[in-house]
Every structure is written in C-alpha cells, then in structure tokens.
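In this text, all values refer to a predicted model and were calculated from it rather than measured experimentally.
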Protein chains: 2
Amino acid sequence: MKGKRTNLDDAACAIARSLGVIGDWWSLLIIRDALAGKRRFGELQKSLGMAKNILSARLQKLVEHGILATAPASDGTAYKAYVLTPKGKKLYLVLVALWQWGEEFCFAPGELTYDMVDRQTQKPFQPLELRARDGGVRGPGDLWALPRRAPKARRGTSSRR
Amino acid sequence: MKGKRTNLDDAACAIARSLGVIGDWWSLLIIRDALAGKRRFGELQKSLGMAKNILSARLQKLVEHGILATAPASDGTAYKAYVLTPKGKKLYLVLVALWQWGEEFCFAPGELTYDMVDRQTQKPFQPLELRARDGGVRGPGDLWALPRRAPKARRGTSSRR
DNA sequence: TGTCGATGGTTTTAATATGAAACCAGAATG
DNA sequence: CATTCTGGTTTCATATTAAAACCATCGACA
C-alpha cells in the first residue's frame, strides 16, 4: 500500500523479523523500562515522556506479540500492570549491545552520566563477545547466512541429476 | 512539535541514543546488507526491496552519523559505493543479538530457512552471553543503571554538609 | 456515600514520514 | 552518438506520529 510501513513479519531473515516486532522508535525503550521494574502505564509514560496514545498502541502491540503481559497491579488496586514475559526478558542482550555501542560512539567525552553495571557488584559488564562453537572470538566480518537444506527431504528425494 | 518523531539524540541513556541513530525501520537492515558485502545503491535497493527515496534518505543519515562512508566503486566505474566504517561494523553485536532472538521467538518450527554461521567453520555461533567483570554469566535481571558522580569534582569540591 | 482528584486510557487534529511511481541527469555501453 | 543502466530526486496519496482535549473508572477521604 502507499504510505504504509512495509511489513517485515514474514521476512526470511531473523533480523528483519525481530525488527518487525521491536524495531520501532519506542518498543525497546519500553522494554528497557520494564526491565528496570516499571510496570504501570503512568510510570512508563512519565519516564519515557512519550504521548499516551502512542504508548497505548505500543503496549498493545507488545502484548499481542507476547513480549509483555498484563497482570493485576501488585499494590492491590484494580489497575493493571505490564510485565515482561520470558520472551521479552530475553531481549536484554539486544539492549546490552545497544548500550555498549551507544556508550562507545554516541557520547562526547564526559557527557555520559550513567553506566550500565551488574546489579550485584555495581561494576560494569564485560563487552559482549561473539564466539564460534569452538570458543574462538569472532568479529563483524565473520557473519554468514547459510541457507538450510530443504527440510522435508527424505530418502530418495535429494537433488539428483 | 506535532507530527514529528521525538528526538532521542541527546537522551542521557545510551540505548536511547543508539536508537536515535539506528532505531528506525530500515537502518539495521541496511547495515546487515552492508556487512554482507553489498555496497552499491542498486544492490541495496533490490536486496531490501525498499523505496529508493527512503533508501536515499537513510544512506544519507547513516553517512552523516559516520556509520557508512562513501568510496569510489571498486570496479573502476565512476559510481560510488557505501562502506561501513569501524563504528558501523561494531554494530554487528546488535545484529547478532537480534538474529538470535528472532531465530528463537519469531519463527514457526521448520519455517527458518537461514542460519547465521561462522564464515570459516560454517557452524552456528554460541549464544551471546552477558558477563560480569568477574567472568560470571548474568541475566536480564542483573542490569542496572548507575549514575556517575559529578565528573568535575576536585579536592575540596566534594559534597559536604 | 458522595465528591474530587488520580489513573489509564481514547478521540481529535495538525504535522510529518513513508511508499510507490514518475521523472531526470550523468555514466556506461555499443 | 544513441541507448541503456545507474543512482538518485520529485510528486503525490496515505499512514503514522505527537500533542492536547476529552472521558470513564478507580481510590481516597470527608
């Protein structure tokens, strides 16, 4: 269609699919705040400083995608809380990767006012590392997308010529 | 302003800043393709299937932000190529995190047609791990944002009451 | 128990961003 | 020198966004 954002939901690439779900301006920030313990609509809205209608739409989408779930508020009131599902929590590695990159490249010296630290030790984390199965560290040039064999292939169906 | 996307460029949070730069529908996909070796405008446009004006705008933004740079095409023609800078290449960890998450949560069984593998061994990578400085593995609940002390503090300037 | 403010949204409106297609200039090719 | 290919820009219709106004329900409290 014309002004409609292209739908990435059934791309073959896993990156594209992920972005189809959480690849907009706000979703990852909502997840960041949820991970930091913010659960209520108003809390999120104030912390993020975003328009309420947009927050509402995003929360709905994240719930639909099983990243957030609604639960009764923990303080006994009838209001509801938004909590991360296991699927949502697993996005923390994306957040860490973004944090480490942003920290390195998006701040002038001295401008950074927050560090991301381990809650227990209050010390920074190690930089993430990509490791091959043999344990060796790999870099940006080592990524490769390998097509899978046709999955339904049984005896006698394999490519022959 | 009214219909304008809120500017995240000077947020205090590193995640927000990162998203301000590469947090839109297309940027990370462009970077993925660039990492896969695609360098020419047409190549990118065909591979991504996106509108040319949007690609043009995104490339411009990525160049402005120092993630891509333009270079003369390698085949001797007068056309230009878009290549990742070191800053851009370092986004590979974000891509890997998104890939691993998407692979796990965004595909029906058997639907996945590509694996992300180590170029040399053609075998999958290990899942990324978040490690504290002591080497221990940490999870989503261990993230913490620690405010930095005021940086300019010298002798005698410290908080006293 | 009735009122009043807080909470959690939805609706409306104005502005901007997106996508598709048409258009165009310069480079390559013959 | 003509023709096609490449790399865009322009135009237009539509979608998405942000801000503000609005509104229903909940909670606190007199």
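- Proximity of Arg5(A) to the phosphate of dT17(D): a side-chain N or O atom is located under 4.0 Å from OP1 or OP2.
- Note on Asp115(A) versus Arg148(B): salt bridge recorded, some NZ/NE/NH1/NH2 to OD/OE distance being below 4.0 Å.
- Between Ser56(B) and the phosphate of dT9(D), there is a side-chain N or O to OP1/OP2 separation shorter than 4.0 Å.
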Polar atoms only, N or O, under 3.5 Å: list the protein pairs with nucleotides 23-29 of chain C and their distances.
| from | atom 1 | to | atom 2 | distance (Å) |
| --- | --- | --- | --- | --- |
| dA28(C) | OP1 | Ala78(B) | N | 2.4 |

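- At a threshold of 4.5 Å between side-chain heavy atoms, the hydrophobic network of Ile, Leu, Val, Met, Phe, Trp and Tyr places Ile22(A) and Val83(A) in two separate groups.
- Nucleotide dA14(C) holds its C1' atom 13 Å from the CD1 atom of Ile54(A), rounded to whole Å.
- Between Arg138(A) and Asp118(B) there is a salt bridge, since at least one side-chain N of the basic residue sits less than 4.0 Å from a carboxylate O of the acidic one.
- Within residues 20-44 of chain A, the residues approached by DNA chain C to less than 4.0 Å at the level of any non-hydrogen atom are Arg40(A), Phe41(A), Gly42(A), in residue-number order.
- Checking side-chain atoms of Thr85(B) against main-chain N and O of Ile67(B) turns up a donor-acceptor pair under 3.5 Å.
- Residues Gly3(A) and Ala51(A) both approach DNA chain D. Their nearest nucleotides, taken by heavy-atom distance, put Gly3(A) toward the 5′ side.
- Place Thr6(A) and Lys2(B) on DNA chain C by their nearest nucleotides, and Lys2(B) ends up nearer the 5' end.
- In this structure, Pro140(B) and Lys90(A) have side chains that are not in contact, with every pair of non-hydrogen atoms separated by 4.5 Å or more.
- Using a 4.0 Å cut-off between charged nitrogen and carboxylate oxygen, Arg58(A) and Asp24(A) count as a salt-bridge pair.
- Distance Asn53(A) CG to dT12(C) C1': 10 Å, rounded to the nearest Å.
- The side-chain tip of Arg40(B) does not point at the ring of Tyr82(B) from less than 6.0 angstrom away and within 45° of straight on.
- To the nearest angstrom, P of dA17(C) lies 10 Å from NZ of Lys61(B).
- Regarding Leu55(A), its CG atom lies at a distance of 16 Å from the P atom of dA20(D), rounded to whole Å.
- Put simply, Leu29(A) and Tyr114(A) are part of two different groups of oily side chains (I, L, V, M, F, W, Y) that touch within less than 4.5 Å, one to the next.
- The CG-P distance, from Asn7(B) to dA17(C), rounds to 11 Å in whole Å.
- Distance Asp75(A) CG to dA6(C) C1': 13 Å, rounded to the nearest Å.
- Summarising the geometry, the separation between CE on Met50(A) and P on dT16(D) is reported as 15 Å, rounded to the nearest angstrom.
- Spacing between atom CZ of Arg58(B) and atom P of dT9(D) amounts to 14 Å, rounded to whole angstrom units.
- If you chain together hydrophobic residues whose side chains sit under 4.5 Å apart, Ile54(B) and Leu48(B) fall into the same group.
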